[in-house]
Number of protein chains: 2
Amino acid sequence: MEPSLTNNQKIVLEALEDSEQPLGAYSILFNIEKKGIKSPQQVYRALDKLIEIGAVHKIESLNSYIACKHKDCKARESTSFLICQECQKVYEVLESDLSDKFIKLSQESNFKYFTHNLEIFGICDLCN
Amino acid sequence: MEPSLTNNQKIVLEALEDSEQPLGAYSILFNIEKKGIKSPQQVYRALDKLIEIGAVHKIESLNSYIACKHKDCKARESTSFLICQECQKVYEVLESDLSDKFIKLSQESNFKYFTHNLEIFGICDLCN
DNA sequence: TATGTGAACGTTATAATATAACATAACGGT
DNA sequence: ACCGTTATGTTATATTATAACGTTCACATA
C-alpha cells in the first residue's frame, strides 16, 4: 500500500522530482521557500521520512538527495549509483546481483552483510 | 619513492594510525591540540595531502577518515570498505576484481567508469 | 650564495550541512 | 471523545568544511 505523504513531504519530494541533479537540503529549502517552508528542520524531517519509505535516496559523497524513480523502491537501505561527473546526473542501479556479490565478498572476511552504499563516478552515455 | 611528509601531516597521520575507529576532522583536531595543531584548516590541509598520496581514505557516509594500512596504497581514488556497525571498525577491501565488476556494470549503461566508493555495513568477525 | 618558485603554514572568519529541544497541532484507532 | 503517535513550527546550536590572506619554508638553479 502507498504510504500517504504529508504536505511538507510532498513539497520536498516534488522539488527533488523536478530536478535533474541531486539537491542539497539547503538547495531544496531555497527552492520551496515560496511554498511556505521556512526552516532546515522542515526539509530534513521530510527527507528523513522520504528516505525511510524509499522515495528518496541520499548520495553520501555529495551530501545531497535524489527522488527515486522506481515505484515502491526496494532500496530503503542499500543503494547503488552511477554519478556523471560531467552533467551531475545520478542513475540508480538496481541489479540485485550486486547484493549477492557483496554478501559473498563480505563472507570472505567473515563479515555479516547488512546493507551497502555504492557510488560509481564517471561519464554518462549522454555526455560521452 | 616515499613521499616525505611534513610535520603536520605526520601528526595527523599518527592520530589516525593510533585509532581503531575512523575519526572526524574535529576529533583528530581535539586529539592533537597538545601537539600544537590549533585550527581545522591545519587538519583539513594535512588530510587533503594524505588522501592525495593514498595514506588516508575518507569514509563518506561517516564524514570521517582512516589511515590506510597498506604500504603505498593503490586506492587513491577508488575505495571499498567493510564497516562494522557494532565496533565501528573499518576494514578496507582490496579486490581488484571489484573494479572490473564495476567497469562491466557501468558499461551496461554506456557509462564510462572512473572511480568508485563502496561502503558495506554489517557485523565484523570479532563482533559476531 | 643569492634568488625565484611552489608548497606548506598560521590565523581569522565564515560557509555549508545537520541536529537538539520544546511547545503545539493534526491524525488515526478504539 | 479520548489517547497515543506522528508531524509541525520555531529558535537555537552543533558539526563539518572552505575562503582568504599574508608569511614562511624547501629546494632547485642561476
Side-chain angles (χ1 to χ4, degrees), chain A residues 1-16 19 21-66 76 83 88 90 117 119, chain B residues 1-16 19 21-67 76 79 83 88 90 117 119:
Chain A
M1 62 165 211
E2 294 279 315
S4 64
L5 300 180
T6 68
N7 214 38
N8 286 3
Q9 289 159 10
K10 278 181 208 154
I11 292 172
V12 167
L13 181 55
E14 276 166 23
L16 286 173
S19 172
Q21 284 89 21
L23 296 177
Y26 281 77
S27 175
I28 295 170
L29 177 57
F30 177 82
N31 287 340
I32 62 182
E33 267 173 344
K34 48 187 174 301
K35 296 191 178 165
I37 305 291
K38 288 174 182 160
S39 80
Q41 269 293 7
Q42 296 173 288
V43 175
Y44 280 107
R45 284 203 281 230
L47 285 174
D48 283 348
K49 192 58 197 264
L50 291 165
I51 288 169
E52 190 186 318
I53 66 175
V56 164
H57 305 309
K58 179 172 187 183
I59 316 291
E60 293 290 351
S61 58
L62 302 177
N63 293 315
S64 55
Y65 306 85
I66 58 166
R76 266 147 196 67
I83 304 171
Q88 276 68 250
V90 173
N117 169 40
E119 297 169 0
Chain B
M1 61 167 215
E2 294 280 316
S4 64
L5 300 179
T6 67
N7 214 39
N8 286 4
Q9 289 159 10
K10 278 180 208 156
I11 292 172
V12 168
L13 181 55
E14 276 166 23
L16 286 173
S19 173
Q21 284 87 21
L23 296 177
Y26 282 77
S27 173
I28 295 170
L29 176 56
F30 177 81
N31 287 340
I32 63 182
E33 268 172 343
K34 49 187 172 302
K35 296 191 179 166
I37 305 292
K38 288 176 181 158
S39 80
Q41 267 293 6
Q42 295 172 288
V43 175
Y44 280 106
R45 284 203 282 232
L47 285 174
D48 284 348
K49 193 58 198 264
L50 291 165
I51 288 170
E52 190 187 317
I53 66 174
V56 164
H57 305 308
K58 179 173 186 182
I59 316 291
E60 293 290 352
S61 58
L62 302 178
N63 293 315
S64 56
Y65 306 85
I66 57 166
R76 266 147 196 66
T79 50
I83 303 172
Q88 276 68 251
V90 173
N117 169 40
E119 296 169 1

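Order of the sequence lines sets the chain letters (A, B, ...), proteins ahead of strands, with each chain counted from 1.
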- Any N/O donor-acceptor pair, B:Gln41 side-chain to D:dA19 base, under 3.5 Å: yes
- Atom CG of A:Leu62 and atom C1' of D:dT16: how far apart are they, to the nearest Å? 16 Å
- Query: Could you give the CD1-to-P distance, from B:Ile59 to D:dT16, as a whole number of Å?
  - Reply: 14 Å
- In whole angstrom, give the distance that lies between atom NZ of A:Lys10 and atom C1' of D:dA7. 14 Å
- Task: Evaluate the side chain to side chain contact (heavy atoms under 4.5 Å, CB included) criterion for residues A:His57 and A:Ile51: first the C-alpha distance (whole Å), next the side-chain angles of each, then the deciding distance (0.1 Å), finally the verdict.
- Result: CA-CA 6 Å; A:His57 305 309; A:Ile51 288 169; over 6 Å; no
- Quick one: is A:Gln42 getting a side-chain N or O under 4.0 Å of the D:dG9 phosphate, OP1 or OP2? yes
- Task: Write down the distance between CG (A:Asn7) and C1' (D:dT6), rounded to a whole number of angstrom.
- Result: 15 Å
- Message: To check you understand the geometry: which heavy-atom pair defines the closest contact between A:Pro40 and A:Leu29, and what is its length?
- Response: N-CD2, 3.9 Å
- For B:Thr6, which contact category applies under a 4.0 Å heavy-atom criterion: base, sugar-phosphate, or nothing? sugar-phosphate
- Could you pick out which residue, A:Arg45 or A:Tyr26, lies toward the 5' side of DNA chain D when each is mapped onto its nearest nucleotide? A:Arg45
- Message: Could you tell me how far apart A:Ile53 (CD1) and D:dA7 (P) are, to the nearest whole angstrom?
- Response: 10 Å
- d(CG, A:Leu50; P, D:dA7) in whole Å: 11 Å
- Has the side chain of B:Tyr44 got a donor or acceptor that lies under 3.5 Å from a partner of the other kind on the base of D:dA19? no
- Using a cut-off of strictly less than 4.0 Å, decide whether B:Lys49 has a side-chain nitrogen or oxygen near OP1 or OP2 of C:dA7. no
- Item | Side-chain N,O (A:Asn8) to OP1/OP2 (D:dG9) below 4.0 Å | yes
- So which heavy atom on A:Leu16 is nearest to which on A:Tyr65, and how close? CD2-O, 3.3 Å
- Message: Does D:dA17 have its OP1 or OP2 closer than 4.0 Å to a side-chain nitrogen or oxygen of B:Asn63?
- Response: yes
- Item | Over all atoms of both residues, closest heavy-atom pair of B:Asn8 and B:Gln42 | ND2-NE2, 4.0 Å
- Spacing between B:Leu5 atom CG and C:dA8 atom P, to the nearest angstrom: 10 Å
- Task: Nearest whole angstrom, please: distance from the P of C:dG10 to the NZ of B:Lys35.
- Result: 15 Å
- Item | Distance test, side-chain N/O of B:Lys58 to OP1/OP2 of D:dA17, below 4.0 Å | yes
- Which heavy atom in B:Ala46 sits nearest to a heavy atom in B:Val12, and how many Å separate them? CB-CG2, 3.6 Å
- Which residue lies toward the 5' end of DNA chain C, A:Tyr65 or B:Gly36, if each is placed at its nearest nucleotide? B:Gly36
